[in-house]
Amino acid sequence: AVVDTVGGETLAAALAQVKVSGSVACVGVAAGGLLDGTVYPFVLRGVRLLGIDSTLPWNVAGYEADIATWERNRRERLEIWRRLEEDLPIAALRQMHFSTVALEEVPEWSERLLRGEVRGRLAIRC
């Protein structure tokens, strides 16, 4: 499984590399909203792409402007966060963390990422 917060080429690469019957959750589009890829991951390996609405808009075109709907969606999100807190052990989160780097080190670490030398999450200290 993959949780992608970047979108664009990163999302396309995740879809191409995820294992048979795997899932990719897309929660952000920092690198762009275009998806350049093929249908092969979906039809040959049964990969699932899950779009996650990580915002909670109010009175925005395409969303209901009904307060009851907004409150229901808010309760659902709070329950999801509660479940994450309960079900995802802190030890697992610590294993995902690779390093914390200073903002001025980002170009160097970007090169390391592109060379495949980093596995896990980098936190940027600003």
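Heads up: numbering here begins at 1 and tracks the sequence. Values in this document were obtained by computation on a predicted structure and should not be read as measured data. As a basis for the values below, the full set of heavy atoms in this structure was taken, side chains included, without hydrogen atoms, waters or symmetry mates.
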> What's the verdict on side-chain contact (heavy atoms from CB on, under 4.5 Å) for Val24 and Leu11, showing C-alpha distance, side-chain angles and the deciding distance?
Replying inline: CA-CA 8 Å; Val24 177; Leu11 177 58; 3.6 Å; yes

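- In this structure, Phe42 places its CZ atom where more than 12 heavy-atom neighbours from other residues, nucleotides or ligands lie under 6.0 Å away.
- The number of heavy atoms from other shown groups lying within 6.0 Å of CG (Leu34) does not exceed 12.
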>> Apply side-chain contact (heavy atoms from CB on, under 4.5 Å) to residues Leu35 and Leu49 and explain how you reach the verdict.
In response: CA-CA 11 Å; Leu35 178 59; Leu49 174 59; 4.2 Å; yes

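- Remark: the backbone N or O of Val6 is not paired with any side-chain donor or acceptor of Thr10 at under 3.5 angstrom.
- For the pair Ala31 and Gly7, the tightest heavy-atom approach, listed with the atom from each and the gap, is CB-O, 3.9 Å.
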>> Could you go through Ile124 and Trp109, starting from their C-alpha distance and side-chain angles, then the distance that decides it, and tell me whether this counts as side-chain contact (heavy atoms from CB on, under 4.5 Å)?
In response: CA-CA 10 Å; Ile124 310 301; Trp109 279 93; over 6 Å; no

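- Counting non-hydrogen atoms of other residues, nucleotides and ligands closer than 6.0 Å to CZ of Arg74 gives a total of 12 or fewer.
- A distance-only check finds no donor-acceptor pair linking the side chain of Arg121 to the backbone of Phe98 [under 3.5 Å].
- Salt-bridge formation is detected for the pair Arg82/Glu79: a Lys NZ or Arg NE/NH1/NH2 atom is positioned less than 4.0 Å from an Asp or Glu carboxylate oxygen.
- Crowding of Arg83 atom CZ: a count of heavy atoms from other residues, nucleotides or ligands under 6.0 Å not exceeding 12.
- Within the 3.5 Å criterion, the main-chain N or O of Val101 finds no donor-acceptor partner in the side chain of Ser99.
- Side-chain atoms of Arg119 never come within 3.5 Å of backbone atoms of Met96 as a donor-acceptor pair (strictly under, hydrogens ignored).
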>> What verdict does the side-chain contact (heavy atoms from CB on, under 4.5 Å) test give for Arg45 and Val18, after you've listed the backbone C-alpha separation in whole Å, the side-chain angles of each residue and the deciding distance to 0.1 Å?
In response: CA-CA 9 Å; Arg45 297 194 323 277; Val18 73; 4.1 Å; yes

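- When the side chains of ILVMFWY residues are joined at heavy-atom separations under 4.5 Å, either directly or via intervening members, Leu84 and Val3 end up in two distinct hydrophobic clusters.
- In this structure, Ile80 is not a member of the same hydrophobic cluster as Leu50, with clusters built from ILVMFWY side-chain heavy atoms closer than 4.5 Å.
- Sparse packing is recorded around CD of Glu85, with 12 or fewer heavy atoms of other residues, nucleotides or ligands lying under 6.0 Å away.
- A distance of 7.5 Å separates CZ in Arg112 from CZ in Arg115, rounded to the nearest 0.5 Å.
- No salt bridge links Arg72 with Glu76; every basic N to acidic carboxylate O contact stays at or beyond 4.0 Å.
- Remark: Asp87 CG is packed, more than 12 non-hydrogen atoms of other residues, nucleotides or ligands lying under 6.0 Å away.
- Side-chain atoms of Glu105 come within 3.5 Å of backbone atoms of Ala102 as a donor-acceptor pair (strictly under, hydrogens ignored).
- The hydrophobic clustering, which links ILVMFWY residues whose side-chain heavy atoms are closer than 4.5 Å, places Ile52 and Val29 apart.
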